[in-house]
Amino acid sequence: DNSIEKKAEVHVSLDSTSQAKFTIPDKSIQTATIADNSIEKKPEAYVSLNSTNKAKFAIPDESKQTEDLNLGIGGDEYDYRFIKYEDVAKKFPLPDWWDKFLKTQPVASHDKTLSDPDTKFLVMTCHKYATTTQEVCGGITDRLVLLPHYLWLAHKTGRKFFIRYSKPAPLEEFFVPPKNGFDWRLPDGYIDDEWKAYASRSASTYKDGRRKNWAKDIFSAPWNEKRVVFVNSNLAMGAIINTVSTMVSLNTDDIWPGLFRRMFQPSKNLAQDMASLVEEYDLKAGEYASAHVRVKWPKQYNGILLNNKQNGDKQGGGVNMSWNVTYATVTGLGDNAIKCAVRAMPWTKYVYFASDANELTEYLLLDSPMWSDRSSDSAPISWNGGDANSNDHFDVPAWEVSTTAKVIARPHYNVEPEHFDKNQMDPKKIYATFIDMWMMAHAKYHSFGVGGYGHFGTVLSGNHGNETYRTRHRDYDAIQPNCATSAERKKYKAKQSTSLEEILEIVRETNKKIVKFQQLHA
């Protein structure tokens, strides 16, 4: 509608005659004509418009300054191309109360939400304590896993919900609210006193806070009286999840796909970074497979130290590919992960590969005898049936799949991805984590191993409920060349049960999930 809104400082509308109208809250409205790609508004705001249609606003004598916005005619700061589903509400439905709550913080009224002195807030954060010491918060999956529970607590206590990270960078560097979506951003200039006090708390208060069961404490004094409650308590994950589950039926595997897309989309910079990949292969949501391999955690695989550094998962430093044993182990994990993705989705043209080891990604794209060159005359991939008496056989019969699937990966795949729990750094160094998450969330079938990140990608995709859509290519102590799907694993475990009733219950629950999935995605 040829208008944009920038938080509290300036409201701008640009009409067809190139007249820009600036509304400063509690001040008069004035207009100015764009000339020579610059406009100036006195005394309340100064505005410059550059050749890329970016507008910069500054308020004299105030600390607030707006960020760059797209001011193109008919443009919107949330309108840009990235891989996504167009029918989110239909494809990923949520219970009525969820949708109603997620409409209580629209982008358009963000200033009003933040400025109301009577409003109370629940803020999910990763910041610091003792003024300068960075909190430990875990990776992006550890941080987000409690999001549905905190949203429900905000809903029950009448609080507005926000996310504000300073470590390693603000979340909005990577994800932003979708157009007309739930606005969770907490910019500077609001609740600053509480934010500073939170950063000054003692080490003991910080440690106690990480173990606090907010699902109980937020309902009682003194917390129920506080205007702002900050939460970072992934160490209390089990207690919070269990407590909330006694109050409300909250199947987060069903909630996450719709919740994720109503709250997040890639930031413009992140979307631009992955654009070349999406455009080169004409990728469409739900039309490719994904595979994820976590190499750097755990530290060892069957006694083999894979990292160059003892704590390489967070420290970085790469994988020791110069040692033949490590090389064979890591490349074997990668080849098998792609194989399992193709077994799950034999017709796919592409398998999107994600890993914390850039060395493995390079190998699969450039050097793998199985995957670096897949053509029509390539040998089929297969499983010979193995030892039926093995505990990890899972009753998977011998199989063979012909494929020309191509392995693809994020841009800059040869750069080591940084762990999200590092201290403050250039956000671009962490793009890999969010590009991989977004691409896995829009794959159809999934191959994953150990750790929560790859599993979380299957949940976000909305296909987690169909256990034939995901396969575990490895366990903690073994590669699984049979590529058993989750459905096959569950069936095998049921077979080992001594109770007929237990078997029937597992079968009934599996059938319910499959029927529910088919109904949702019909």
Side chain proximity check, Pro481 to Asn336, heavy atoms < 4.5 angstrom: yes
Polar contact flag, side-chain donor to acceptor under 3.5 angstrom, Ser461-His446: yes
Heavy-atom side-chain proximity of Lys160 to Leu122 below 4.5 angstrom: no
Under the side-chain contact (heavy atoms from CB on, under 4.5 Å) test, residues paired with Lys103 that sit two or more places apart: none
Salt bridge (Lys or Arg N to Asp or Glu O under 4.0 Å) between Asp208 and Arg210, intermediate numbers included: CA-CA 6 Å; Asp208 290 344; Arg210 289 199 74 201; over 6 Å; no
Spatial distance of atom CD (Glu173) from atom CG (Asp426) [nearest 0.5 Å]: 8.5 Å
Thr348 side-chain N/O to Tyr350 backbone N/O, donor-acceptor pair under 3.5 Å: yes
Pair His442 and Tyr85, ring centroids less than 6.0 Å apart: yes
Any donor-acceptor N or O pair under 3.5 Å, side chains Arg374, Thr404: no
Ring centre gap for Trp371 and Phe353 strictly below 6.0 Å: no
Side chains of Leu333 and Ile479 in contact at under 4.5 Å (non-hydrogen atoms): yes
CD1 on Ile191 to CG on Leu114, rounded to 0.5 Å: 8.0 Å
Close aromatic pair by centroid cut-off 6.0 Å: Phe448 and His455: yes
Side chains of Phe101 and Phe182 in contact at under 4.5 Å (non-hydrogen atoms): yes
Side-chain heavy-atom pair Arg343, Lys339 within 4.5 angstrom cut-off: no
Ring-ring centroid check Trp184 Phe264, cutoff 6.0 Å: yes
Pair Tyr129 and Tyr206, ring centroids less than 6.0 Å apart: yes
Between Asn320 and Ser322, a side-chain donor and acceptor under 3.5 Å: yes
Test item: Arg159 and Ile218 side chains (from C-beta on) under 4.5 Å apart, heavy atoms: yes
Under 3.5 Å: donor-acceptor pair, side chain of Asp183, backbone of Gln105: no
Check: Tyr327 main-chain N/O paired with Thr331 side-chain donor or acceptor under 3.5 Å: yes
Distance in Å, Leu283 CG paired with Tyr352 OH, rounded so as to fall on 0.5 Å steps: 9.5 Å
Approximate separation, where rounding is to 0.5 Å, of Arg143 CZ and Ile163 CD1: 11.0 Å
Plane angle bin for His127 and Trp195 - parallel if under 30°, tilted between 30 and 60°, otherwise perpendicular: parallel
Residues Arg164, Asp188: salt bridge by 4.0 Å N-O rule: yes
Test side-chain hydrogen bond (donor to acceptor under 3.5 Å, both in side chains) applied to Thr361 - qualifying residues, sequence neighbours left out: none
Backbone of Val319 reached by a side-chain donor or acceptor of Glu359 within 3.5 Å: yes
Side chain Tyr453, main chain Thr433, donor-acceptor under 3.5 Å: yes
Neighbour count above 12 (heavy atom, 6.0 Å) for Lys212 NZ: yes
Ion pair check, Lys429 and Glu416, cut-off under 4.0 Å: no
Flag, side chain of Arg261 to backbone of Pro257, donor-acceptor distance under 3.5 Å: yes
Pi-cation contact, Tyr431 with Lys428 (under 6.0 Å, within 45°): no
Aromatic ring pairing Phe175/Phe434, orientation class (parallel under 30°, perpendicular over 60°, tilted between): perpendicular
Test item: Asp356 side-chain N/O and Val295 main-chain N/O as donor-acceptor pair under 3.5 Å: yes
Enclosure of Lys120 NZ (heavy-atom neighbours >12, cutoff 6.0 Å): yes
Aromatic ring pairing Phe121/Phe162, orientation class (parallel under 30°, perpendicular over 60°, tilted between): tilted
Partner set under ring pair (Phe, Tyr, Trp, His ring centres under 6.0 Å) for Trp98, not counting sequence neighbours: none
Carboxylate-amine/guanidinium proximity below 4.0 Å for Arg410 and Asp273: no
Heavy-atom side-chain contact between Leu171 and Arg185 under 4.5 Å: no
pair Trp214-Leu146: side-chain heavy atoms closer than 4.5 Å: no
Test item: side-chain donor near acceptor, Thr125 and Asn232, under 3.5 Å: no
